[in-house]
Participant: 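Can you read through this structure? Questions will come right after.
Numbers restart at 1 for each chain; the letters A, B, ... are given by sequence-line order, proteins then strands. Basis for what follows: all heavy atoms, side chains included, without hydrogens, waters or symmetry-related copies.
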There are 2 protein chains.
Amino acid sequence: MATIHEVAALAEVSVATVSRALQQPERVSDKTRARVLAAVKQTGYKPNLMAVKFRSGKSRNLVVLVPTVANLFFARVISGMQQSAHDKGYSLLLCNTMANEEMEQSYARMVHTSQADGLIQLRAFNPFTGLELAADQPLPMVNACEVLDRIRCPTVLLDNKAAAYAMTEHLLGLGHRRIAMIKGPPRSPLTRDRVAGYKEALSEAGVDFDESLLSPGNFSLASGQKAAAELMALPQPPTAIFCENDEMAIGALQQLKQLGLRVPQDVSVAGFDDIAFAAYSEPPLTTIAQPAEEFGSTSVSLLIDLIEGRLGKAPKVILPFDLIERASTGPAPGHLT
Amino acid sequence: MATIHEVAALAEVSVATVSRALQQPERVSDKTRARVLAAVKQTGYKPNLMAVKFRSGKSRNLVVLVPTVANLFFARVISGMQQSAHDKGYSLLLCNTMANEEMEQSYARMVHTSQADGLIQLRAFNPFTGLELAADQPLPMVNACEVLDRIRCPTVLLDNKAAAYAMTEHLLGLGHRRIAMIKGPPRSPLTRDRVAGYKEALSEAGVDFDESLLSPGNFSLASGQKAAAELMALPQPPTAIFCENDEMAIGALQQLKQLGLRVPQDVSVAGFDDIAFAAYSEPPLTTIAQPAEEFGSTSVSLLIDLIEGRLGKAPKVILPFDLIERASTGPAPGHLT
DNA sequence: GTGAAAGCGCTAACAG
DNA sequence: CTGTTAGCGCTTTCAC
């Protein structure tokens, strides 16, 4: 691999001139520049960006901590990140954490060892926990999608409470009174906010909240199926099931089919995220659409602004949602519309 | 950020000793090591890995070119890569290429600018095309999943021909004679191999090949739906549809439902990949399971072996498939089993 | 407009 | 066992 020295030797100039000819062409005479460029071409010189990064102290790498890439919502988020990062000259170091804290911490360490300039965390956990550091200065981190509550770092999130409120209201409007919710993991702020929106809508409609209609899930198809089975085995089963993501809703749909129940005639089902499969389930799923790619691009933008010192105090960006009505929700049994 | 010099000063030793105490502890006296470690702790010293990488000439980064992360099969492949790379001390630089050649070339350049040691390409395109280089020496690249034909680099693939043959045979065994295939993009070696397996099975069963039963798709849900509509509009529609991935199969299922056709009583449908949704479609999908994570881990292993010079001539690893029978395929109409 | 030289943080000879 | 020194490839003063 040719170095700048070989180019300099061939062009009969100093290495400084080669560097300048490449970085600030206007600061070099036309003639010299031409000679340098010719030498670059002849030697096939490619600057060693590792050396550049080392010297500049900027890696232009961003670590991305994603709970699981095998989730279509996150996949879209990553897609948005990648696009935005590439446009801005940054690369993404991807870590599929499987919600493993050690793994997250291991990757967070890359920021402290100068391998990355910052980090985006898509989960409600501070990966810098335990890595003793200057607690005074802001961490080069952006939290998105599923966010930590009390951390002073830029955040990109949905108004989950409002979204859950909207969906619950939609179901109430169809005459449903026993509305179950298949939740995400306990202690997740995301779940907490959505449950809050659900309860608020219920309460405003004068419907009593029933703890037994709150079923735990883990965002997988299987967990949705299992939760649906348990809900329908209740003495007073729900007439509508609101799931915290589309995967669980699709799992629930299959369970209902197995139980011989029709959707939406017997039970309505709603999801969250609007993944591609939501429009292709049987029946197509009513869900909350999230601007997934925008989550990605916004968090990358914020992180780069933060790194490059263009950010004042940690902003909190709220992205819009959209309730998509499809065929999986309908009037409650016996309800006249 | 503390440097090795500050640690050396505090411990009252040379920087070389600090480096040794950290890298080869046995080559330093217990007493000195203890002093160094104490100084490391006190200063909060973290080695600048950018400097290390620069000096060693090894980035320990691998570029991954994936056509789209928003595809559950690829997501699983990436997951396998990540795990394997992390275990071996490498990081993944992810690029969601959207099959954009310029994007792929732009990332491939990272290998030549010392930002990455090698590259894994999941598509049948050589990203080093056009980047003039020492054509004699092997490229630090591994090709997996959808692979290039005549390139002398390590390859990980499925025996696509055999898999398609197996599925076609399965359908033939159920009495189907008009078996359609929803393909991937034209000119894809992957599609070519699968079509070959399909044709061979047909031919061995004495069934004439009908060009009109070969419908083009692009691996998306929508393309499967569209292709199914076209196939069923044929003068002699198929009684079975074999799709090149599960997404297209699920799209086809929806179209058949809309046409009022029952699966599998009227039409059988088969997929490929065995993504999580395949078991949750209505009806659950018969498909070919691929060891996706293994594709990822194997390609990372091969690439690292190649980079570290442990690989002889470019191996070709064939991974096994498994035909999963579910409810979407059944006896051809009028066929006695 | 160009060159000489210093230095980013680290490791690896080579001495001692 | 430890210190001195050189240098990885590049950019950036500071002179000229």
Participant: Whole-Å distance between dG3(C) C1' and Arg27(A) CZ?
Facilitator: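 Atom CZ in Arg27(A) sits about 13 Å away from atom C1' in dG3(C).
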
Participant: With the threshold set at 4.0 Å, does a side-chain nitrogen-carboxylate oxygen contact exist between Glu308(B) and Arg60(B)?
Facilitator: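 Yes, this pair counts.
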
Participant: Both Ala2(B) and Arg33(A) contact DNA chain C. Which one's nearest nucleotide lies toward the 5' end?
Facilitator: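 Mapping each residue to its closest nucleotide by heavy atoms, the 5'-most match is Arg33(A).
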
Participant: If you measure from the Lys or Arg side-chain nitrogens to the Asp or Glu carboxylate oxygens, is any gap between Glu293(A) and Arg76(A) under 4.0 Å?
Facilitator: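 Looking at Glu293(A) and Arg76(A), the cut-off is met.
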
Participant: Quantified as the angle between the terminal helix axes (five pairs each), what is the overall bend of the helix from dG1(C)-dC16(D) to dG16(C)-dC1(D) to 10 degrees?
Facilitator: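 What I find for the helix from dG1(C)-dC16(D) to dG16(C)-dC1(D) is an axis angle of 40°.
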
Participant: CZ of Arg55(A) versus C1' of dG9(C): gap in Å, rounded?
Facilitator: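 Computing the Arg55(A):CZ to dG9(C):C1' distance gives 12 Å.
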
Participant: Tell me whether the side-chain N/O atoms of Ser14(A) come closer than 4.0 Å to OP1 or OP2 in dT2(C).
Facilitator: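 Ser14(A) to dT2(C) OP1/OP2: no side-chain N or O under 4.0 Å.
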
Participant: What is the distance, rounded to the nearest whole Å, between atom CD of Gln24(A) and atom C1' of dT12(D)?
Facilitator: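 Rounded to the whole Å, the gap is 9 Å.
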
Participant: Check whether the side chains of Asn143(B) and Thr155(B) place a donor and an acceptor atom closer than 3.5 Å, and report yes or no.
Facilitator: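 No, because no side-chain N or O of Asn143(B) sits under 3.5 Å from a partner of the opposite role on Thr155(B).
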
Participant: Taking Leu92(A) as the fixed residue, which of Leu62(A), Ile120(A), Asn61(A) is the one that meets the side chain to side chain contact (heavy atoms under 4.5 Å, CB included) rule?
Facilitator: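 Running side chain to side chain contact (heavy atoms under 4.5 Å, CB included) over Leu62(A), Ile120(A), Asn61(A) with Leu92(A) returns exactly one hit, Leu62(A).
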
Participant: Classify the side chain of Arg20(A) and the base of dG3(C) as holding, or not holding, a donor-acceptor pair under 3.5 Å.
Facilitator: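 Such a pair exists between side chain and base.
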
Participant: Between C1' on dC8(D) and CG on Asn48(A), what's the gap in Å once rounded to a whole number?
Facilitator: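 In whole Å, dC8(D) C1' and Asn48(A) CG are 9 Å from each other.
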
Participant: Quickly work out the Met1(A) CE to dC8(D) C1' distance and round it to whole Å.
Facilitator: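 After rounding, the gap between these two atoms is 15 Å.
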
Participant: Please determine, for the side chain of Thr32(A), which listed nucleotide (dT12(D), dC10(C), dT2(C)) has the closest atom?
Facilitator: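 That would be dT2(C).
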
Participant: Nearest to the side chain of Ala16(A) - dG3(C), dC8(D), dG3(D)?
Facilitator: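 Looking only at side-chain atoms, Ala16(A) lies closest to dG3(C).
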
Participant: Reading DNA chain D from 5' onward, which residue's closest nucleotide shows up sooner: Val15(A) or Val13(B)?
Facilitator: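 Checking each residue's closest nucleotide, the 5'-ward one belongs to Val13(B).
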
Participant: When you measure from the side chain of Ser29(A), which nucleotide among dT11(C), dG1(C), dC8(C) comes out closest?
Facilitator: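 My answer, after comparing the listed nucleotides, is dG1(C).
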
Participant: Nearest 0.5 angstrom please: Lys88(B) NZ to Ser301(B) OG, how far?
Facilitator: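 The distance works out to 3.0 Å.
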
Participant: What is the distance from atom CG of Leu119(B) to atom CG of Leu139(B), rounded to the nearest 0.5 Å?
Facilitator: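 Between Leu119(B) CG and Leu139(B) CG, I get 9.0 Å after rounding to 0.5 Å.
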
Participant: Take the protein atom CG of Leu49(A) and the nucleotide atom P of dC10(D), then report the distance between them rounded to whole Å.
Facilitator: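 That distance rounds to 9 Å.
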
Participant: Kindly compute the distance separating CZ (Arg123(B)) from CG (Leu65(B)), expressed to the nearest 0.5 Å.
Facilitator: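 Answer rounded to 0.5 Å: 8.5 Å.
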
Participant: Whole Å only: how far is the NZ atom of Lys53(A) from the C1' atom of dG7(C)?
Facilitator: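 My rounded result for the distance is 21 Å.
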
Participant: Using a cut-off of less than 4.0 Å, is there contact between a side-chain N or O of Thr3(B) and OP1 or OP2 of dG9(C)?
Facilitator: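 So the side-chain polar atoms of Thr3(B) never come under 4.0 Å of the phosphate oxygens OP1 or OP2 of dG9(C).
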
Participant: Rounded off to whole Å, could you give me the OH-to-C1' distance for the Tyr45(B) and dT11(C) pair?
Facilitator: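 Checked: the OH to C1' distance equals 10 Å.
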
